[in-house]
Colleague: 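The structure is given below, and queries will be raised subsequently.
Only heavy atoms go into these numbers, but all of them, side chains included; no hydrogens, no water, no symmetry mates. Keep in mind that what you see is a predicted model, and the values were worked out from it rather than measured. Along the sequence shown, the residues carry numbers beginning at 1. Note that ligands are numbered from 1 as they come in the structure, with each ligand's atoms numbered from 1 the same way.
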Amino acid sequence: MAHERVPLTFPPGFRWGVATSSHQFEGDNLNNQWHAWEQTGHVKPGEICGKAADWWEHAEQDFDRARQMGLNSLRLSLEWSRIEPRPGTWDDAAIARYRQMLQGLRDRDLEPLVTLHHFTNPLWLEERGAFLAPDAVERFERYVTHAVEQLGDLCDFWCTINEPNVYSVMGYQLGVFPPGRKGDFRATVRVGATLARAHAAAYRAIHRLQPAARVGWAQSLIVFDPARPGNRLDRMVARLQDLAYNDFFPHAIQTGQARPLISALAGDLSEVRGTCDYVGFNLYFRYLVRLSLRHAAELFGERSVPPGAICGDVDDDAQYGELFPAGIERMAKAMAALGKPVYVTESGVSDRHDTWRPWVIARGVKAMHDALAGGVDLRGYYHWSLVDNFEWREGWRMRFGLFGLDERTQQRARRPSADLLGAIARANALTPDMVATYAPASLDEIFG
Ligand code: BGC
């Protein structure tokens, strides 16, 4: 007998949104370290962010798109270098524009989730050593306090820092984000630890001003599985990669400590313990890991993707793994160990022709439904992203938008995935009809 396909429904009030960031969307952020980095040809192939998606002038037109889709939330970030262009100097016009944007979201019934740091630093902070500067934590706390004093009546849902592990690993270990240091393990750990202290200081500063605020951070997670599941050494090196990449921040927040091998470098993290009201995580990829003595710098783990795996539009030299929306269930369960509500603060794919995105969305929604059924207090999903945007070191060649963007003309073109996510948000459910329309090949994978 044919199996009856039942819609996957979500709890009332579940958040369906999109995630964005200031540098990647606003345009003309000329006073941060990424702008300087772009000027020196570090972005492939020599591209710059330029006007980005022109949000400083016209964000509201995209807010209309999000509203028309039927979303109920939108994640954006504040650009520190606009708000505090010089140390201790606050720009009222920048605050006025952010007030207008947050009000614009509220007017459209889109709850703002506001990130306070998404990879970019004011140039003056970068020149002092960024998060290696002795006063970085106080500086961050002061900026956060100012932002919350000025904007707190329009937002009480904050994400302190986006992907602290990406910021430290890309900037100080791999050298592909500014400041471009390679293999500086000490600095990688010290930056990670300082970001944890900056997060904790921001958490407390926000709660002093807004006792009922919801404050968390967005953790980048990658799934690491053993290439040969039966092989104990592969399992060990996969676990090592998991610890090295995924674990530092959640562990510091859960225990107020770093793991033994790095605790001397990380310093005292006791003040970090318990500083979150929710856990946000960003999940895109999985790697298979096998023991390899040739890969000492990667903790003896050689990463690969299975033959034929779906990776999105990537070049061979890009560091993107196998797309793995199913991993949302496992990671949501792992993050639930912190005892707080969980949000998927990013998931998505670079996919110019919208070939895989509908599957990424539908399979991710199924994974969230499974996590909820398994008892996880999962509260929302933010797709990266609403429109194509400037993808850091990859520049404009990667296309993560539900809407395509021609960055020269600023024309948008709706991709079918926008209709799928909109239908899910409006129904607060994923139905077999939606999957049959947008991602038919995955019907069995999703509805059994
Ligand atoms: C970041 C975004 C980025 C996205 C896609 C995340 O690591 O938070 O800024 O554009 O992934 O790579």
Side-chain angles (χ1 to χ4, degrees), residues 17-27 29 32-35 37-38 43-44 47 49 52-53 55 74-80 113-121 159-171 173-174 176-178 195 199 216-223 245-246 249 279-287 310-315 317-325 327-328 331 343-352 356-357 360-361 364 381-403 405 407 417:
V18 281
T20 69
S21 86
S22 55
H23 190 69
Q24 294 172 281
F25 278 76
E26 290 174 357
N29 274 313
N32 68 31
Q33 95 281 28
W34 262 93
H35 177 71
W37 187 250
E38 291 155 28
V43 174
K44 300 187 255 190
E47 291 177 345
C49 180
W55 272 27
L74 188 144
R75 178 177 167 221
L76 53 67
S77 76
L78 305 180
E79 178 62 33
W80 185 356
L113 165 54
V114 174
T115 308
L116 291 150
H117 186 276
H118 195 125
F119 296 162
T120 51
N121 298 323
C159 170
T160 56
I161 298 175
N162 180 68
E163 300 188 341
N165 50 341
V166 169
Y167 176 92
S168 55
V169 168
M170 301 292 252
Q173 190 65 29
L174 301 177
V176 293
F177 276 19
L195 288 172
H199 157 85
W217 86 107
Q219 176 70 27
S220 165
L221 297 177
I222 295 177
V223 176
Y245 187 81
N246 293 325
F249 232 79
V279 182
F281 72 88
N282 303 349
L283 180 75
Y284 293 81
F285 306 117
R286 165 167 81 164
Y287 285 109
I310 301 173
C311 298
D313 294 333
V314 289
D315 294 348
D317 59 341
Q319 292 165 350
Y320 292 84
E322 171 193 12
L323 285 167
F324 201 55
I328 287 176
M331 290 312 197
Y343 289 83
V344 177
T345 36
E346 283 179 35
S347 165
V349 52
S350 169
D351 183 9
R352 181 183 296 268
W356 305 287
R357 192 175 286 105
V360 167
I361 293 172
Y381 172 84
Y382 292 81
H383 189 80
W384 185 276
S385 185
L386 182 59
V387 297
D388 290 340
N389 56 84
F390 180 73
E391 178 54 21
W392 307 114
R393 68 184 289 241
E394 308 296 334
W396 285 103
R397 65 185 177 156
M398 301 198 69
R399 299 282 163 175
F400 278 92
L402 295 166
F403 289 78
L405 169 73
E407 61 277 14
S417 289

Colleague: Assess, by modelled atom type and distance only, whether the side chains of S77 and S22 contain a donor and an acceptor separated by less than 3.5 Å.
Modeller: yes
Colleague: To the nearest 0.1 Å, how far is atom 7 (O) of ligand 1 from its closest protein heavy atom, and which atom is that?
Modeller: E163 OE1, 2.6 Å
Colleague: Identify, with sequence neighbours excluded, every residue that meets salt bridge (charged side-chain N to carboxylate O under 4.0 Å, His left out) alongside E47.
Modeller: none
Colleague: With a 4.5 Å heavy-atom cut-off, do V114 and L78 have their side chains touching?
Modeller: yes
Colleague: Are any of the N or O atoms of E346 closer than 3.5 Å to those of ligand 1?
Modeller: yes
Colleague: Among side-chain atoms of S220 and Y284, is any donor-acceptor pair under 3.5 angstrom?
Modeller: no
Colleague: Among T120, T115, N121, find the one that has a side chain to side chain donor-acceptor pair (under 3.5 Å) with H117.
Modeller: N121
Colleague: Can you tell me if H118 contacts ligand 1 (heavy atom of the residue under 4.0 Å from the ligand)?
Modeller: yes
Colleague: At under 4.0 Å between heavy atoms, which part of M398 makes contact with ligand 1: side chain, backbone, both or neither?
Modeller: neither
Colleague: Could you check atom 3 (C) of ligand 1 against the protein and tell me its nearest heavy-atom contact, residue, atom and distance included?
Modeller: E391 OE1, 3.4 Å
Colleague: Can you find a non-hydrogen atom of V166 under 4.0 Å from ligand 1?
Modeller: no
Colleague: What is the closest protein heavy atom to atom 4 (C) of ligand 1, and at what distance does it sit?
Modeller: Y284 OH, 3.4 Å
Colleague: Residues in ring pair (Phe, Tyr, Trp, His ring centres under 6.0 Å) with F25, at least two apart?
Modeller: W55
Colleague: Report, in ascending order of atom number, the atoms of ligand 1 lying under 4.0 Å from any heavy atom of Q24.
Modeller: 2 (C), 3 (C), 9 (O), 10 (O)
